[in-house]
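Keep in mind that this is a model prediction, so the values were computed, not measured. Proteins get letters first, then strands, A, B, ... in listed order; numbering begins at 1 in each.
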2 protein chains.
Amino acid sequence: MNLRELAAHLGLSQTTVSRALNGYPDVAEATRRQVMDAARQFNYRPNPAARRLATGRAGTVAILFPVERNLLVDPHFFELLAGLADMIARTEMELSLRATPPDQELDNYRRLVNAGRVDGFVLSSPTLQDPRIPELAALGAPFVVHGRTEVALPYAYLDIDNEDAFARATALLLDLGHVDIALLNGDPALGFAVDRERGFRAALAERGLAPFEGRVRNAPMTEETGYRSARALLERPERPTAILASSVLLALGVYRAARDLGLAIGRDVSVIAHDDALPYLKAETFDPPLATTLSPIRHAGYRLGEMLIDRIAGVDPQNLQEILTCDLVFRASVAPLRGEDGPRRGPTSAASRSRTKDDPRSSDRRPAR
Amino acid sequence: MNLRELAAHLGLSQTTVSRALNGYPDVAEATRRQVMDAARQFNYRPNPAARRLATGRAGTVAILFPVERNLLVDPHFFELLAGLADMIARTEMELSLRATPPDQELDNYRRLVNAGRVDGFVLSSPTLQDPRIPELAALGAPFVVHGRTEVALPYAYLDIDNEDAFARATALLLDLGHVDIALLNGDPALGFAVDRERGFRAALAERGLAPFEGRVRNAPMTEETGYRSARALLERPERPTAILASSVLLALGVYRAARDLGLAIGRDVSVIAHDDALPYLKAETFDPPLATTLSPIRHAGYRLGEMLIDRIAGVDPQNLQEILTCDLVFRASVAPLRGEDGPRRGPTSAASRSRTKDDPRSSDRRPAR
DNA sequence: TTGTAAGCGTTATCAA
DNA sequence: TTGATAACGCTTACAA
């Protein structure tokens, strides 16, 4: 069933039918209803190729990823993708996944835009001075960025409040008596690592403290580096009593190192990690369960899709800038410092101030039957 | 630059130029060369929307994934996707990633085919009686399957030789003196788990052996279940001396369980896992390094893309059925059984027979300069 | 408020 | 071996 047949069936012109379907104002309400009903009845779907050809719009959003680069080493990317695909599937748009050799990446953006093959992009894992941003801005192509950068242009982004999350996590540890806290962070070329360190330092500074020597470590966020870093930190007698980790994968390595050294997570060393809610690596199944700053990255993908659709529709990028607050999820990997003044009995007032709550994804969220 | 302009520039008709570009036979060699050169010179690219409209072909291959189902819990899926995207990017085709509610999955395949929006599909994680296969076959839509099933239809597939891989891994352990071997396997609704168990049992049977009671376990392939299963197996005195795991993630849990129980991997319990070469979970960085049956899943994605292109071009599915042999990569997680007759000194002849070799991805594969 | 008709950039049919 | 010309199915001036 195509437009001509539908129009013929209704005894109307293609024009009118097209306008009715596309929500143009100058069409009689009665006509519109008729058209809509018939379209539904015959399950009419406009041919996307024809529409593309006529409008010049591609009906496609794309996400490019460098074939060889880190992105693929990063399971978070795919979780983001899942959320994005979920959102886009609810629209008439398509999501095109495109691999590109790293050295042709900018070129590919340019080509896709100039050839009108893509209406908008999601940029993932931006660097602080990400060249894709000025490039796409210059091309006038709509895009949304997952994360903030230092690029001084008005662009649409969605980020989590990394600084706030790590400040709150640090404050919680401080409230529990910890003073020597280490930070296992990611590659500082990616903005979030910088923000997290800033939050960490700010929370310490607020109590007149600073990180001890060698307590801030930057490295790729893998189990292996988590292990190595934690091992290096914990095997010396003057070890930190708490560790903040930038990912659950890093925390996995921390757990392994602690176990190797005969240290009990929680009792001997407290751990809080940032949790992007990867479905195959759940903080709550850690032993002991891992406390986290939580922000499901899948939801971020979903929201980025919505924002991109808006951006394509012409919404000003200044109005498409969002920062999500992370939940701080308290679990048994965190405990009060065991000091000479005896164990304390739980978070102090400042800790409960900081929105501590349980995992919102737990089953008690479902409505009762 | 479009076809009309290109034709005008050459003083030829659009028809001729189009035919020259598309490799039709009835065009003079000289003309073709002229056209090709000009096309290259002006960097001419046919408009995909126009081409789609004219040909009825979509120029798109798609991969559908259920939003909620296990697939997303599975990091392997994304690695496959990366290989597929890499391949498709080298063609004129697009790769469309589509999320679908699980209950509308078949419907969505049907819609996409009938509306001519997709030229072909990659089916991932097929079940033994996967309903997508008869559905797509009935629709006459080209598709390739990652894995084999019990569906009695001629369809294109790419699979690894799971049975052979696990038979060889088992034989290696047997050669090293192990007798009580456990198998931590995945969900038996997915075909590969069945094949792996078959290989395991076959290798044992060849020596007149069978698995001990409770030694075959099926569960989702996560770190957590690996831990639980290994724990249950290893904490009893009559524990297995070797464990085969269906994934590196499971093996991670096995390592954790062994550590908890004070058992040394290699010395006290040998471990071999199947390795799909996920870039962020490397068997060679395990401590001790993890022996594996190796088959990079990314390459499978790449190859599936090639096969799908062939299938769309009309190649008979019977000629598009491939089974890849896994490499057996020997590492320190495997050691001879420590028996009353003292430690043995390494693999016996039968073991070296079984294509044991080092990780082929190591740097010595690069050509010398 | 509706209709006519001209594109959009290809490919495909048929004739030359 | 080449060239007119008609689709392909939709959107959009412009006209009525």
Under 4.0 Å from OP1 or OP2 of C/dT4: is there any side-chain N or O of A/S13 that close? no
What donor-acceptor contacts under 3.5 angstrom involve side-chain atoms of residues 2-11 of chain A, with partners at least two apart or in another chain?
unit_1: A/N2; atom_1: OD1; unit_2: A/R4; atom_2: N; d: 3.2
unit_1: A/N2; atom_1: OD1; unit_2: A/E5; atom_2: N; d: 3.0
unit_1: A/E5; atom_1: OE1; unit_2: A/N2; atom_2: N; d: 3.2

Heavy-atom pair of closest approach, residues B/A277 and B/E79: O-OE2, 4.1 Å
Could you tell me which residues satisfy ring-ring contact (aromatic ring centres under 6.0 Å, His included) with B/Y157, sequence neighbours excluded, listed by chain and number? B/Y155
Under 4.0 Å protein heavy-atom contact, by nucleotide of nucleotides 9-16 of chain C - B base, S sugar-phosphate only: BBBBBB--
Contacts satisfying side-chain hydrogen bond (donor to acceptor under 3.5 Å, both in side chains) that involve residues 54-64 of chain B (not counting sequence neighbours) are none
Tell me, which pairs form a ring-ring contact (aromatic ring centres under 6.0 Å, His included) where one or both residues lie in residues 83-122 of chain B, sequence neighbours left out? B/Y109-B/F121
What residues, two or more places apart in sequence or in another chain, satisfy ring-ring contact (aromatic ring centres under 6.0 Å, His included) together with B/F143? none
Taking ring-ring contact (aromatic ring centres under 6.0 Å, His included) as the cut-off, I'd like each qualifying pair that reaches into residues 79-99 of chain A, sequence neighbours left out, listed once. none
Quick one, which residues of residues 25-43 of chain B touch DNA chain D with a heavy atom under 4.0 Å? B/D26, B/V27, B/A28, B/T31
Determine which pairs satisfy side-chain hydrogen bond (donor to acceptor under 3.5 Å, both in side chains) with at least one residue from residues 307-320 of chain B, sequence neighbours left out, and list them in order. none
May I have all residue pairs that pass side-chain hydrogen bond (donor to acceptor under 3.5 Å, both in side chains) and include part of residues 11-30 of chain B, sequence neighbours excluded? B/S13-B/T16, B/S18-B/N22, B/N22-B/R51
Axis-to-axis angle across the helix from C/dT1-D/dA16 to C/dA16-D/dT1, five pairs an end, to 10 degrees? 40°
Under 3.5 Å, which donor-acceptor pairs link side chains of residues 81-90 of chain A to any protein atom two or more places apart or in another chain?
unit_1: A/D86; atom_1: OD1; unit_2: A/R90; atom_2: NE; d: 3.1
unit_1: A/D86; atom_1: OD1; unit_2: A/R90; atom_2: NH2; d: 2.9
unit_1: A/D86; atom_1: OD2; unit_2: A/R90; atom_2: NH2; d: 3.4
unit_1: A/R90; atom_1: NE; unit_2: A/D86; atom_2: O; d: 3.3
unit_1: A/R90; atom_1: NE; unit_2: A/Y302; atom_2: OH; d: 3.4

